[in-house]
Q: 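What follows is a single structure, and I will ask about it in a moment.
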2 protein chains.
Amino acid sequence: MNNAIDVIMNRISLRKYDERPISKEHADIILECAMRAPTAGNMMLYSIINVEDQNKKEILSKTCDDQPFIADAPLVLIFLADYQRWYDYYVNSDVHSYCKSKGIDFEGPSEANLLLALCDAIIAAQNAVIAGEALGIGSCYIGDIMENYETHKELLNLPKWAFPVGMLCMGYYPEGYTRVKRGRFDKKYIVHTDNYSDLYKENFKETFADIEKRFNAENKYGADNMGQLHYAFKTGADFSKEMARSVKEALKNWSSEKIK
Amino acid sequence: MNNAIDVIMNRISLRKYDERPISKEHADIILECAMRAPTAGNMMLYSIINVEDQNKKEILSKTCDDQPFIADAPLVLIFLADYQRWYDYYVNSDVHSYCKSKGIDFEGPSEANLLLALCDAIIAAQNAVIAGEALGIGSCYIGDIMENYETHKELLNLPKWAFPVGMLCMGYYPEGYTRVKRGRFDKKYIVHTDNYSDLYKENFKETFADIEKRFNAENKYGADNMGQLHYAFKTGADFSKEMARSVKEALKNWSSEKIK
């Protein structure tokens with residue numbers, strides 16, 4: 001089953017993997033597909049760290065919101081938004097002198113550069129996901145790699161202008177694995193024509209019906225409805241606060257500073 | 001030609017489109033594939049604006065760094081990083097009272113939430129790209145949609161917590177179109193094992209060889225080498241400065257503010 005559209009439509013997040021390692025041939029295809037991804041100005045504003053060290057996988061399984069399955073994934077790829085390579089090239093090319101001769105500032109990357117590099121990194125990651133799926137290799141994104149910035153910086157020896165924005169855990173589907181596809185918001189609430197539409201406001205119950213099925217009045221958060229429960233365990237939860245702190249810390253590096 | 005890996009490996013950025021409109025069937029498949037994309041916590045932290053209004057396409061072709069081909073694209077999709085839907089749901093669910101009863105703050109989205117939503121939006125966009133390719137529909141990402149935030153906010157009627165992070169121009173490949181695949185950095189400079197590697201520093205000339213082929217000593221920027229030229233026309237250029245300004249402005253909305 002390798003038709004591109006079927007691959008996309010049948011993909012689910014896989015958190016349990018067959019034990020056999022990813023073959024070198026398949027790993028190479030996944031990485032080649034990642035590297036063919038579209039990239040802003042053909043700059044390839046990303047790097048990929050293939051985490052093979054089991055000890056590092058164990059650490060990541062703890063630092064990324066305690067998810068033990070990370071340590072069991074045969075292939076763990078960290079996608080970095082990366083301007084370091086280009087800035088080192090600029091410095092090596094003596095952009096300092098050029099800027100001085102033109103009377104302009106030589107500035108380090110801005111928040112916008114981080115966002116642009118982040119797009120590059122994630123586009124590459126999604127190519128890896130789809131290539132994997134086509135080969136019978138499932139995947140799960142770990143956004144929690146954006147937490148604990150200082151720890152991950154040290155663990156992965158990251159330079160100033162490389163930020164880990166996404167991690168993929170990958171492995172072959174276990175034999176006989178039953179895929180359960182999760183629901184999505186109705187298209188009318190996601191796809192708009194010409195202008196943003198807040199149609200969902202007319203009927204929150206219908207928009208969030210699929211999510212509200214998960215509500216349990218006997219919840220440990222003391223929440224009275226699904227919106228409160230969701231805020232408590234997701235958007236307002238400790239891991240979210242850590243991600244907020246971590247990203248604020250990392251963003252300090254992306255402030256268009258003058259390079260001296 | 002619809003094998004997922006072939007589709008990925010043969011994809012190029014297409015900036016010239018066949019005149020015929022995208023069929024409804026194909027547009028639906030592209031959007032369904034986008035919406036099947038993996039999403040953080042199944043929250044679908046994005047919205048898609050399908051720009052059909054020709055006048056808006058014309059405006060976007062100017063506000064996105066003056067690229068006339070945008071106005072000629074049969075399908076223009078803008079991907080928004082979007083927390084607005086969830087925050088409206090939280091407010092509608094009286095998360096205020098819940099937080100008050102628990103003695104915690106009800107906080108608006110943080111910079112990290114923007115990044116997470118941005119990942120969701122771009123993953124969905126790349127699914128759209130690949131689905132399109134499989135149908136003979138080429139595409140080009142326009143990162144410049146991150147420029148002119150205030151103008152785009154008004155043009156698309158965006159609420160506070162929806163940020164346009166990527167735009168796709170799409171259309172059928174023109175008959176007889178010759179694909180020219182652009183080079184990529186060598187894999188050894190992009191894919192690292194266990195730690196970030198700055199191997200490129202050992203040989204900038206080799207790393208950037210493909211890019212340096214474009215250097216012309218008779219350039220209008222007065223640059224002496226490719227690094228200087230690249231900084232002048234790309235990273236240090238006016239459109240980059242505008243993107244830096246625009247994103248700084250938008251980021252003010254993503255500051256974990258207390259919601260009253």
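Numbers restart at 1 for each chain; the letters A, B, ... are given by sequence-line order, proteins then strands.
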Q: Which pair of heavy atoms, one from A131(B) and one from I5(A), lies closest together, and at what distance?
A: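 Residues A131(B) and I5(A), closest heavy atoms: O-CD1, 4.0 Å.
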
Q: What part of K187(A) lies closer than 4.5 angstrom to a heavy atom of chain B: side chain, backbone, both or neither?
A: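 Contact with chain B: backbone and side chain both.
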
Q: How far apart are the closest heavy atoms of N157(A) and Y196(B), and which atoms are they?
A: O-CB, 3.3 Å

Q: Can you tell me how far the CZ atom of R36(B) sits from the NZ atom of K181(A), to the nearest 0.5 Å?
A: 5.0 Å

Q: Specify whether W86(A) and F208(B) have parallel, tilted or perpendicular ring planes, treating 30° as the upper limit for parallel and 60° as the lower limit for perpendicular.
A: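 W86(A) vs F208(B) ring planes: perpendicular.
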
Q: Measure centre to centre between the rings of Y200(A) and Y89(B), then say whether the value is under 6.0 Å.
A: no

Q: Within the 3.5 Å criterion, strictly below it, is a donor on Q228(B) or D94(A) matched to an acceptor on the partner's side chain?
A: no

Q: Nearest heavy-atom pair of I123(B) and Y141(A): which atoms, and what distance?
A: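 For I123(B) and Y141(A), the tightest heavy-atom pair comes out as CD1-CZ, 3.6 Å.
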
Q: Which region of M243(A), side chain (C-beta onward) or backbone (N, CA, C, O), has a non-hydrogen atom less than 4.5 Å from a non-hydrogen atom of chain B, or is it both or neither?
A: both

Q: Quick check against the 3.5 Å criterion: does R85(B) have a side-chain atom that pairs as donor or acceptor with the backbone of Y189(A)?
A: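 Side chain of R85(B) to backbone of Y189(A): a pair is present.
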
Q: For residues L115(B) and L118(A), report the shortest heavy-atom separation together with the two atoms involved.
A: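 So the minimum-distance heavy-atom pair works out to CG-CD1, 3.4 Å.
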
Q: So that I know where these two stand, are Y98(A) and Y221(B) an aromatic pair - ring centroids less than 6.0 Å apart?
A: no

